[in-house]
Participant: 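Handing you a structure now.
Atoms considered below: every heavy atom in the structure, side chains included; atoms not considered: hydrogens, waters and symmetry mates. Atoms within each ligand, like the ligands themselves, are counted from 1 in listed order.
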Amino acid sequence: MERKLPVTYELQKKSGKARAGKITAPHGEIETPVFMPVGTQATVKTMTPEELESIGSQIILGNTYHLYLRPGDDLVAKFGGLHKFMNWNKPILTDSGGFQVFSLGSLRKITEKGVEFRSHIDGSKHTLTPEKSIHIQNNLGSDIVMLFDECPPGLSSREYIIPSIERTTRWARRCVEAHQRPDEQGLFAIVQGGIYEDLRDKSLNELSEMDSAFSGYAIGGLAVGEPREDMYRILDYIVEKCPENKPRYLMGVGEPLDMLEAVESGIDMMDCVQPTRIGRHGTVFTKYGRLVIKNASYAEDDRPLDEDCDCYVCRNFKRGYIRHLFKAEEVLGQRLATYHNLYFLLKLMKDARKAILEDRFKEFKDEFIKNYNMGKN
Ligand SMILES: O=c1[nH]cnc2cc3nc(NCc4cccs4)[nH]c3cc12
Ligand SMILES: [Zn+2]
């Protein structure tokens with residue numbers, strides 16, 4: 001008989017292809033659409049768990065590659081797993097590490113067995129395999145475990161992608177076999193196929209053979225340098241073909257306009273390092289587009305970062321002050337910009353959810369895009 005999956009999804013409302021729903025995971029419920037802040041090394045950089053909760057974070061991401069290299073998944077397990085180690089008591093999704101090996105590791109070699117690489121920290125040699133990736137994620141104790149996949153470089157040829165999909169499918173079978181806690185940690189599939197509709201079908205069809213093992217489906221292989229219109233075309237094609245009764249997760253997307261396009265195609269979950277990374281460098285999201293706070297024009301500007309934002313930062317600090325903090329290299333500047341950027345994306349998803357529930361998502365999206373493209377700051 002079909003075993004009960006540890007992560008389940010309830011579709012609550014559709015507005016076009018856009019969906020509002022609720023994910024139930026071992027560490028709590030998640031209202032979707034949802035943005036997932038990235039906590040690479042067991043911390044969402046510069047934020048405390050208390051601050052993350054206060055801005056409405058429902059689920060965060062941990063990186064298997066980083067935590068395996070440092071401090072080691074065995075040590076995290078000794079502390080009772082990642083939730084206890086970092087004092088985050090809501091859901092956590094861990095990625096599988098394959099993508100980070102290629103975006104961070106060096107001297108990589110990909111074989112049927114897995115991926116050989118040298119650590120970006122100390123150059124030590126390692127091999128990550130489907131089994132090893134799943135066992136690390138079992139040690140971390142995340143609510144959602146990602147398959148170990150290959151994300152072909154952006155704009156790879158069909159000749160490269162076809163065999164890559166077939167190996168990723170063989171790896172998927174090995175991940176399902178290796179999973180030690182299928183009743184406690186939900187396993188998500190990752191659909192590949194580049195920018196080719198027929199290869200997206202191929203990947204999804206091969207993974208669907210194992211559907212009973214999957215709590216959700218991720219769309220991989222995007223936001224890796226392909227033209228925006230290709231990403232949108234593929235999303236519009238493949239997302240609605242994923243099972244309607246399971247969450248759909250778009251990996252690596254965190255630009256406001258891309259997020260709304262993804263929601264419109266039927267995506268429920270997204271993650272991206274952008275809001276925290278650009279925040280630390282002084283770029284913030286506002287209703288009217290991005291704003292680079294170190295720009296001299298803001299030196300005497302007594303407006304909040306975003307006059308339409310009701311976050312703690314926008315209610316208490318002016319652009320001139322935050323610019324000063326960045327110019328003086330005061331770490332509070334990085335914290336305030338990060339806090340606001342995360343709040344901005346979390347609120348965008350909350351507003352998108354409300355628009356879907358009221359069946360006016362298209363209007364909501366068009367209005368946001370009109371303002372965001374004004375660029376008047
Ligand atoms: O197919 C994928 N498989 C597993 N992890 C991913 C993470 C991903 N992150 C991005 N884009 C955001 C980026 C982050 C750093 C460089 S690009 N695209 C991604 C694709 C994948
Ligand atoms: Zn704000």
Side-chain angles (χ1 to χ4, degrees), residues 36 38 40 51 54-56 61-66 93-105 115 120 128 130 133 137 144-156 161 164-165 168 171-172 175 188-195 199-200 203 207 217-226 228 231 234-235 238 249-255 258-259 262 267 269-279 284-288 291 293 303-319 322 335-348:
M36 302 184 282
V38 177
T40 296
E51 286 167 333
S54 73
I55 59 175
L61 207 117
N63 285 130
T64 294
Y65 167 85
H66 293 81
L93 180 148
T94 46
D95 69 12
S96 60
F99 185 82
Q100 274 66 35
V101 165
F102 281 90
S103 50
L104 278 171
V115 187
H120 72 289
L128 205 45
S133 170
Q137 296 181 74
I144 297 174
V145 166
M146 299 306 295
L147 285 183
F148 184 74
D149 65 330
E150 180 193 6
C151 173
L155 296 181
S156 292
I161 292 177
S164 169
I165 289 171
T168 286
W171 283 357
C175 287
F188 272 33
I190 304 180
V191 180
Q192 294 293 345
I195 58 171
L199 299 189
R200 287 284 168 182
S203 177
L207 291 167
Y217 284 75
I219 307 296
L222 293 177
V224 283
E226 75 285 353
R228 189 156 262 139
M231 177 167 83
I234 290 300
L235 285 175
I238 198 67
Y249 163 28
L250 175 58
M251 306 184 88
V253 166
E255 277 295 326
D258 294 342
M259 292 169 70
I267 287 289
M269 307 159 75
M270 279 162 271
D271 85 277
C272 191
V273 293
Q274 276 293 68
T276 37
R277 183 177 292 169
I278 65 171
V284 295
F285 295 127
T286 78
K287 178 179 180 182
Y288 298 110
L291 180 157
I293 197 61
R303 291 173 292 174
L305 290 175
D306 181 340
E307 296 186 278
D308 290 87
C309 180
D310 62 348
C311 86
Y312 165 72
V313 174
C314 293
R315 280 186 282 107
N316 290 285
F317 305 99
K318 309 302 178 198
R319 292 172 178 184
I322 297 173
R335 277 180 35 76
L336 297 181
T338 298
Y339 184 105
H340 164 80
N341 278 355
L342 288 174
Y343 182 92
F344 187 91
L345 294 188
L346 292 164
K347 177 85 167 36
L348 179 64

Participant: Give the protein residues with at least one non-hydrogen atom closer than 4.0 Å to an atom of ligand 1, ordered by chain and number.
Facilitator: F99, D149, C151, Q192, G220, G221, L222, A223, V224, M251, G252
Participant: Indicate the atoms forming the closest heavy-atom contact of D310 with K347, along with that distance.
Facilitator: OD1-CE, 4.4 Å
Participant: Please lay out, stage by stage, how Y249 and D271 fare under the test side-chain contact (heavy atoms from CB on, under 4.5 Å).
Facilitator: CA-CA 8 Å; Y249 163 28; D271 85 277; 2.8 Å; yes
Participant: Looking only at heavy atoms, what is the nearest atom pair of C314 and H340, with distance?
Facilitator: SG-ND1, 3.4 Å
Participant: Which class fits the ring pair F148 and W171: parallel under 30°, tilted 30 to 60°, perpendicular over 60°?
Facilitator: tilted
Participant: Using a cut-off of 2.8 Å, find all protein N, O or S atoms closer to the Zn ion (ligand 2) than that distance.
Facilitator: C309 SG, C311 SG, C314 SG, H340 ND1
Participant: Apply the test side-chain contact (heavy atoms from CB on, under 4.5 Å) to residues L222 and M251: give CA-CA distance (whole Å), side-chain angles for both, the deciding distance (0.1 Å), then the verdict.
Facilitator: CA-CA 7 Å; L222 293 177; M251 306 184 88; over 6 Å; no
Participant: Where do D306 and K287 come nearest, in terms of heavy atoms and distance?
Facilitator: OD2-N, 2.9 Å
Participant: Applying side-chain contact (heavy atoms from CB on, under 4.5 Å), run through I161 and Q192 and close with a yes or a no.
Facilitator: CA-CA 8 Å; I161 292 177; Q192 294 293 345; 5.9 Å; no
Participant: Could you tell me which residues satisfy ring pair (Phe, Tyr, Trp, His ring centres under 6.0 Å) with F99, sequence neighbours excluded, listed by chain and number?
Facilitator: none
Participant: Using ring pair (Phe, Tyr, Trp, His ring centres under 6.0 Å) as the criterion, list what pairs up with F285, not counting sequence neighbours.
Facilitator: F344
